Amino acid sequence: VTLIIQPETSPAFVSGSPLGKIAFGGDYNPEQWTDAVAEEDIALMHEAGVNLVSVGIFSWTMLEPEPGRYDFRRMDEILDRLHRGGISVDLATPTAAPPQWFLAAHPDSVPVRQDGTRAGTASRQVFCPSSPEYREAAAAITRAIVDRYHDHPAVVMWHVHNEYGCHNGRCYCDGSAAAFRQWLKARYGTLDALNDAWGNAFWSQTLTAWDQVVAPRTAPTFLNPAHELDYARFSSDELLACYTAERDIIKAASPDAIVTTNLMAGQFGLLDYWKWAAELDMVSTDHYLFGEAERNHVDLALAADLTRSLAHGRPWLLMEHSTGAVNWQPRNIAKRSGEMARNSLTHLARGADGILFFQWRASIAGAEKYHSAMLPHAGTDSRIWRETRELGEQLSGLASVAGSRVHTEIAILFDYHAWWAADLGGRPSEDIRYADQIRRTYDALWDAGYTVDFAHPESDLSRYRLVVAPALYLVSDAGAANIASFHDRGGSVVVGYFSGIVDSVDRVRVGRYPGAFRELLGASSDEFLPLRRGQKVTLSTGATASLWSEPVRADDAEIIARYTDGPAAGAAAITRRQRAWYVSTQLAPDDLRGFYVAVADSAGIARPVERPEGVEVVERRTDETRYLFVINHTDDEAAIDLPGQPWFLEVSSPGRATVSGDGLRVPPGGVGVLRW
Ligand SMILES: [Zn+2]
């Protein structure tokens, strides 16, 4: 096994991949095992085709058993053994698990929940992101690890921390409140400006001294949403400062190091990953299926597309997923035969240049002992081990895919600040949840077969033909202008209900709704008419809708559909001005899918490859080569007409996919990857 990342490769690549091959491996925690087991690990990693492992993610106490005393003997052996075995290392800083000695000595560094109670300490991620003592200790252990291993030949990549914010995304302690005041001073300058931005005149919340600014702990009733929104922004920035501090220590010793931290794109919303991703040399993410969800493969595709978008189209790394069940859901449904391969190849199809797992060998103790692994408790005499080996073979057969790109013409506008603001209390309907709105939109486009990007509202949209803005409740002036300018230059835009309502400090844009998009849409309304739970309305096209309605007036737009019943009966429901559509209600899934196909046709977007329902077709390509991934999520054989000849079958699993003169046949639950 050769090193998969070429040390001479600059992380600031423009095209191609920082990885010379597709990475395959997982989190490796040999400190839980004896030397004999660790020797066996290397042999089995070779058998499986593993070429990259993440080491040391929770090893703080092993490396620093007491304050300032470092012990690297075990880690030396681990890294040397991996190097001898030709396995590359993604070396972690262990700062997601502060030692128990640290927590005993620094009780003020333990995070406080929104209700004001302090967390217990017998777990991981027990730290306040604003704690100076935590930051100092984290910097010290990072410096010690970097000093020792920055030129270790096994280390090809650095893994800072683990899943920032997963359990301590927002801390409400007094120290965090003090840091929040500094953050607000930098943002607003004066208390008057802060009072104005937050609308503090309401409910007599005007602040007359900076030390009156508190963390938004649970109160007798609603908090000021502008206060909560800024606390969400502040909290994301505080954790980001923890990341960049460690990243900078690594870069000081090793300027060309590839540094990442594992995000949780698509499943976690407390951090502004657009801002975070810009600080990573290679974007990486973790993704776990909700085992009981019927269409969890669509959730997976969404997360993969979002991760690629956060990476601005460059290859990314799937840092963790599972071979089988996880251990943290109410009922941990195991993946069945072929599912791990489908999951892995979906990530690969959507731009990943590496497929890694939590974890290499299943633990026998601790909180995650029932989390599946590449090597399960049963050892090598197991289905999971056999499928892990098969996956290793398939990925090695797909090495040439590394560095190829996914091309899309449709983007869903997505903004964490809009998410935070839209989901706060005191809104017209609690049934509008931002993540649901994004997911419904994505579902409809997935069902129609389109591969889509996500894009920040203020980003360069010029590569797209169509952008869709579901529930973009909060949009900055710059974002609204960017979207209008995209339209004026020939782009097509769909704006969903509850979009463009407030500015970037959550203040309502007055005049008829939707304030930010009235002119673009040539349509407006004077009130919100949310529907009762379960209530349906009908449109003049025969479509059905739910959740929301508005008495839309087509000021300068064509009426595509009207409400025929419900509180907005007779008013416009869907309008079109030039290439700008407004959809003022929640269309049923099939109606939404049909709507997007019609809009995409009108935007000049080519129809996706014809395929049976439940079959996913995604393309990656380079200038010379196209790779077509066909993933069959159904229990029936899938037949696909090939859009060009000759395609060559690279990989298929399980069973045999077959390619003939006029098409591809993929067995039930199988995958076929074609190269042209
Ligand atoms: Zn705190």
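Only heavy atoms go into these numbers, but all of them, side chains included; no hydrogens, no water, no symmetry mates. Please read all numbers here as calculations on a predicted model, not as lab measurements. Every number for a ligand or one of its atoms is a count from 1 in the order of the listing. Position 1 is the first residue of the sequence, and the numbers go up from there.
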Item to check | Atoms of protein origin (N, O or S) under 2.8 Å from the Zn ion (ligand 1) | outcome: Cys128 SG, Cys171 SG, Cys173 SG, Ser176 OG
Next on the checklist: Going by the rule salt bridge (Lys or Arg N to Asp or Glu O under 4.0 Å), which residues pair with Arg427 if we only count those two or more places apart in sequence or in a different chain?
Outcome noted: Asp506
Checklist entry - Does NZ or CZ of Arg361 lie under 6.0 Å from the centre of the six-membered ring of Trp33, at an angle within 45° of the ring axis? => result yes
Checklist entry - Should we say atom CD of Glu430 is surrounded by more than 12 heavy atoms from elsewhere, each under 6.0 Å from it? => result no
Checklist entry - Which residues satisfy the side chain to side chain donor-acceptor pair (under 3.5 Å) test with Asn29, sequence neighbours excluded? => result Gln359
With a 3.5 Å cut-off and sequence neighbours excluded, list the donor-acceptor pairs that the side chains of residues 101-108 form with protein atoms.
from	atom 1	to	atom 2	distance (Å)
Trp101	NE1	Glu64	O	2.9
Trp101	NE1	Pro65	O	3.2

Checklist entry - Can you tell me how far CZ of Phe358 sits from NE2 of His321, rounded to the nearest 0.5 angstrom? => result 13.0 Å
